[in-house]
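Here the structure is laid out as structure tokens; the discussion comes afterwards.
Residue numbering restarts at 1 for every chain, and letters A, B, ... go by the order of the sequence lines. Computation of the quantities below employed the complete heavy-atom set of this structure, encompassing side-chain atoms and omitting hydrogens, waters and symmetry-equivalent molecules.
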Amino acid sequence: MEVQKTLTELFDTLLRRETIFRNKEALRHTYTPEHLPHREREISRLARILVSPLRGETPSNVFIYGKTGTGKTAVAKFVGRELKQVGEKKQIPIEVVYINCVEVDTRYRVLANLAYTFGEEVPLTGWPTDQVYKSFFNSVDSEERFVVIILDEIDKLVKKSGDDVLYNLTRMNSELRNSKVSVVGITNDLKLVDYLDPRVKSSLSQEEIVFEPYNALQLRDILGERAKIAFKDGVVTKEAINLCAALAAQEHGDARRALDLLRISGEIAEEEGSQRVEESHVRKAKEKLEQDRIIEVIRTLPKQSKLVLYSVLLLGRPSSTGEVYDLYRDLCHRTGVEVLTQRRVSDLISELDMLGIINAKVVSKGRYGRTKEISLGVPPEKVSKALEELI
DNA sequence: ATTCCACAGGAAGCGACGGCCC
DNA sequence: GGGCCGTCGCTTCCTGTGGAAT
């Protein structure tokens, strides 16, 4: 009874407590704002390129470069949305398809996804890929229209499955009778072009737009605008916004990170019952963000990767692939886990490196061979804390 | 200049799995 | 149910290589 009563009281106070947020959604990166500060040039470039088919010209394909959180996706989605509205007004059918290649990372899946948005029923797997392509092709060409295909994080797709799909998509126009297709490729890998087939390269980079990172001042403007939507008036202090901007600017001007910081800061402030978001909340938010990321990443790691990571942790000093592998094999025997080959473990090490949990640098020790120098990339306490519950 | 270590990392391919088709 | 197909995690086999030691 006692517990129930206090719990009810807790809910009551929580519900009664006034939230400092007006619309928290505005701080999520899925949100596409009405106005994108400091990206006017990029927006008009992209719009000008994509609008040309409406004037009867052949559509161009576009390549967009820029680091994470520089607004590439936001600009592409924004222009796509506007374009669609223009089309509706002028009675020209325009379809904008957005695909994120992180999950959709094979030829089959891209085509299946496209076919699906044009109303085709394609199974997740099973069909020959050419059949999926035909199905997509026919349904696109079934009526006169203009299609913009936005392929976000296209580097993931190319590195995993090659550029065959891009070859298909960029060549489509010569075979389509009724419709026209533009491909917008977005990537944060500036070297991606080197992986591409020359034919794909030339047709995809007919137009190129480069997004420079935001500086602290620009981030401040962006945060300011979003804060106006997300929070109630006068809640966020200028200092808090400046700090968020400064911290994110240090990390190559990542606006996404700046927004995350501000959102978490707000949540922390609210939890503490504060009516204002201040610098101290931002500092705590920074700490929490890092902590959460590490723990979440480690927790969702497959068993084998955890053992590899545990080996690196136990060694406690920069070690070679061989050393890590020996200890890993030991741990496997002791825990009754099947042992993978060194080749595979080498790949697992590279994956952990990419996740930022460990640092793996290829070094040559001359006569004593070439190996990776492997060390933890995050504080060991956090790793052992995240690992201990699951080993 | 040559040798040679301890791997890196590419290529091919295998088997299991989930899912299509007829 | 049998014949395909694509994907995933993995093994096997392989060639390549930076630089200390000779």
Between A:Arg299 and A:Glu296, does any NZ, NE, NH1 or NH2 come within less than 4.0 Å of an OD or OE carboxylate oxygen? yes
Going by atom types alone, do A:Glu270 and A:Thr19 pair a side-chain donor with an acceptor below 3.5 Å? yes
side-chain N/O A:Lys372 vs B:dA8 OP1/OP2, d < 4.0 Å: yes
Is A:Ser346 close enough to B:dA8 that one of its side-chain N or O atoms is under 4.0 Å from OP1 or OP2 there? yes
At 4.0 Å (heavy atoms only), tell me whether A:Val339 reaches a base, stays on the sugar-phosphate, or touches nothing. sugar-phosphate
Just compare B:dC20, C:dG16, C:dG9 and give me whichever is closest to any side-chain atom of A:Arg344. C:dG9
Candidate nucleotides C:dA21, C:dG18, C:dC13, ranked by approach to the side chain of A:Ser364 - the nearest: C:dG18
What I want to find out is whether A:Lys286 reaches A:Glu251 closely enough, with some N-O distance under 4.0 Å, to be called a salt bridge. no
Would you mind checking if A:Arg343 and A:Asp347 are paired as a salt bridge, meaning a charged N to carboxylate O distance below 4.0 Å? yes
So A:Lys361, base contact, sugar-phosphate only, or nothing? Heavy-atom distance under 4.0 Å. nothing
Could you check whether A:Arg109 gets within reach of a base, just the sugar-phosphate, or nothing at all, counting any heavy atom under 4.0 Å? sugar-phosphate
Do the charged groups of A:Glu267 and A:Arg263 touch, with an N to O distance under 4.0 Å? yes
Relative to the ring of A:Phe118, is the ring of A:Phe136 parallel (under 30°), tilted (30 to 60°) or perpendicular (over 60°)? tilted
Options B:dA8, C:dC10, C:dA21, nucleotide nearest the side-chain atoms of A:Gln304: C:dC10
Give each protein N/O atom lying under 3.5 Å from an N/O atom of nucleotides 2-5 of chain C, with the pair distance.
none

